[in-house]
Amino acid sequence: MLTERFAAVFGGGGPVAAVRAPGRVNLIGEHTDYNGYPVLPMAIDRSIHAVFRGRSDRHVRVANASDRFPSRAFRVDEAAVEFPRGDWGSYVRAAVRGVLEEYQPPAPRGFDALFAGDIPIAAGLSSSSALVVAAALVFLHV
């Protein structure tokens with residue numbers, strides 16, 4: 001179903017791949033515990049999925065299966081410029097920026113990606129973190 005929607009949004013042609021990043025819950029809480037020990041995160045059975053295809057240029061185009069989130073586009077070298085506060089596209093930009101800073105790929109390529117998920121938003125299950133991880137996996141793959 002997601003691959004068909006990807007083709008409808010970005011057009012056919014060329015193989016696509018997919019990634020998955022699970023949501024998580026912290027069993028101890030959202031902080032270091034009172035004894036200075038880290039929290040104990042645990043993956044849950046809800047995830048962010050992305051179907052994607054690499055591009056030959058440095059353009060990134062992302063869409064979301066939910067109509068609640070509009071499509072976004074930017075160039076890889078513009079990853080440091082955020083969309084307006086709270087915009088879902090900023091999480092994708094953060095992932096691209098993080099990969100560029102950490103790995104410094106010599107010739108980074110862009111990608112087209114369609115994201116979907118079943119992690120409830122603002123429920124403390126790290127939906128935004130899962131989106132960043134999924135976007136980073138996409139960018140690393142291409």
Side-chain angles (χ1 to χ4, degrees), residues 1-105 108-142:
M1 176 174 136
L2 209 51
T3 53
E4 290 85 11
R5 179 98 185 251
F6 178 90
V9 171
F10 296 110
V16 297
V19 297
R20 174 188 169 269
R24 71 170 190 254
V25 63
N26 288 326
L27 298 180
I28 302 175
E30 288 296 326
H31 61 280
T32 302
D33 76 8
Y34 301 104
N35 294 315
Y37 293 104
V39 297
L40 179 60
M42 179 180 78
I44 60 172
D45 63 349
R46 303 225 177 178
S47 305
I48 298 291
H49 300 266
V51 174
F52 65 95
R53 176 175 54 221
R55 298 175 57 93
S56 60
D57 58 21
R58 291 180 175 222
H59 291 273
V60 174
R61 299 186 308 167
V62 295
N64 197 297
S66 170
D67 293 333
R68 178 178 175 185
F69 304 102
S71 297
R72 295 290 181 237
F74 61 93
R75 288 181 43 85
V76 169
D77 53 345
E78 298 171 340
V81 180
E82 294 189 16
F83 291 111
R85 183 180 171 104
D87 190 290
W88 80 280
S90 291
Y91 295 104
V92 178
R93 278 187 156 165
V96 170
R97 184 174 58 244
V99 169
L100 289 172
E101 290 172 0
E102 185 67 26
Y103 298 105
Q104 301 169 357
R109 295 180 355 177
F111 57 87
D112 294 333
L114 176 65
F115 292 88
D118 62 356
I119 305 171
I121 298 169
L125 299 175
S126 301
S127 59
S128 57
S129 294
L131 176 57
V132 172
V133 169
L137 290 171
V138 168
F139 188 48
L140 285 167
H141 183 80
V142 300

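Keep in mind it's a predicted model, so treat the numbers as computed, not measured. Worth knowing before you read on, the calculation uses all heavy atoms, side chains too, and leaves out hydrogens, waters and symmetry mates.
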For [X] and [Y], which heavy atoms make the closest approach, and how far apart are they?
X	Y	answer
V62	V92	CG1-CG1, 3.9 Å
L131	I48	N-CG1, 3.9 Å
V132	A95	O-CB, 3.3 Å
A79	R93	O-CB, 3.5 Å
V138	F111	CG1-CD1, 3.5 Å
A65	A116	CB-CB, 3.7 Å

task: Taking ring-ring contact (aromatic ring centres under 6.0 Å, His included) as the test, write out the residues that go with H59, two or more places apart.
output: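 H59 satisfies ring-ring contact (aromatic ring centres under 6.0 Å, His included) with no other residue.
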
message: Is the terminal nitrogen or CZ of R72 (NZ for Lys, CZ for Arg) located under 6.0 angstrom from the six-membered ring centre of F83 and within 45° of that ring's axis?
response: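 So R72 does make the cation-pi contact.
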
query: E78 and R58: side chain to side chain contact (heavy atoms under 4.5 Å, CB included), yes or no, with the steps?
result: CA-CA 10 Å; E78 298 171 340; R58 291 180 175 222; over 6 Å; no

- prompt: Around atom OH of Y91, are there more than 12 heavy atoms of other residues, nucleotides or ligands at under 6.0 Å?
  reply: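 No.
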
Counting C-beta onward and ignoring hydrogens, is there a side-chain heavy-atom pair between [X] and [Y] closer than 4.5 Å?
X	Y	result
F69	D87	no
W88	F115	yes
V81	F74	no

task: Under the side-chain contact (heavy atoms from CB on, under 4.5 Å) rule, collect the residues that match up with S71, sequence neighbours excluded.
output: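 Result, side-chain contact (heavy atoms from CB on, under 4.5 Å) vs S71: A63.
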
- prompt: Mind checking what makes side-chain contact (heavy atoms from CB on, under 4.5 Å) contact with Y103, not counting sequence neighbours?
  reply: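 Partners of Y103 by the side-chain contact (heavy atoms from CB on, under 4.5 Å) criterion, ordered by chain and then number, come out as V99, P105, L140.
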
query: Got a sec, which pairs hit ring pair (Phe, Tyr, Trp, His ring centres under 6.0 Å) with one end in residues 123-142, sequence neighbours left out?
result: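 Every ring pair (Phe, Tyr, Trp, His ring centres under 6.0 Å) pair that includes a residue of residues 123-142, provided the two are not neighbours, is F52-H141.
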
task: State whether the side chain of E4 and the backbone N or O of M1 hold a donor-acceptor pair below 3.5 Å, judged by distance alone.
output: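 Yes; at least one donor-acceptor contact below 3.5 Å.
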
field: Under 3.5 Å: donor-acceptor pair, side chain of R109, backbone of R55
entry: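 Side chain of R109 to backbone of R55, a donor-acceptor pair under 3.5 Å: yes, one is there.
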
Side chain to side chain donor-acceptor pair (under 3.5 Å) partners of R97, counting only residues at least two apart: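 In terms of side chain to side chain donor-acceptor pair (under 3.5 Å), with neighbours along the sequence ignored, R97 is linked to no residue.
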
Can you list, pair by pair, the side-chain donor-acceptor contacts under 3.5 Å of residues 39-47, counting residues two or more places apart and other chains?
from: R46; atom 1: NH1; to: D118; atom 2: O; distance (Å): 3.1
from: S47; atom 1: OG; to: R20; atom 2: NE; distance (Å): 2.8
from: S47; atom 1: OG; to: R20; atom 2: NH2; distance (Å): 3.0

message: I need the L114 CG to R53 CZ distance, nearest 0.5 Å.
response: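 Reported value, rounded in 0.5 Å steps: 11.5 Å.
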
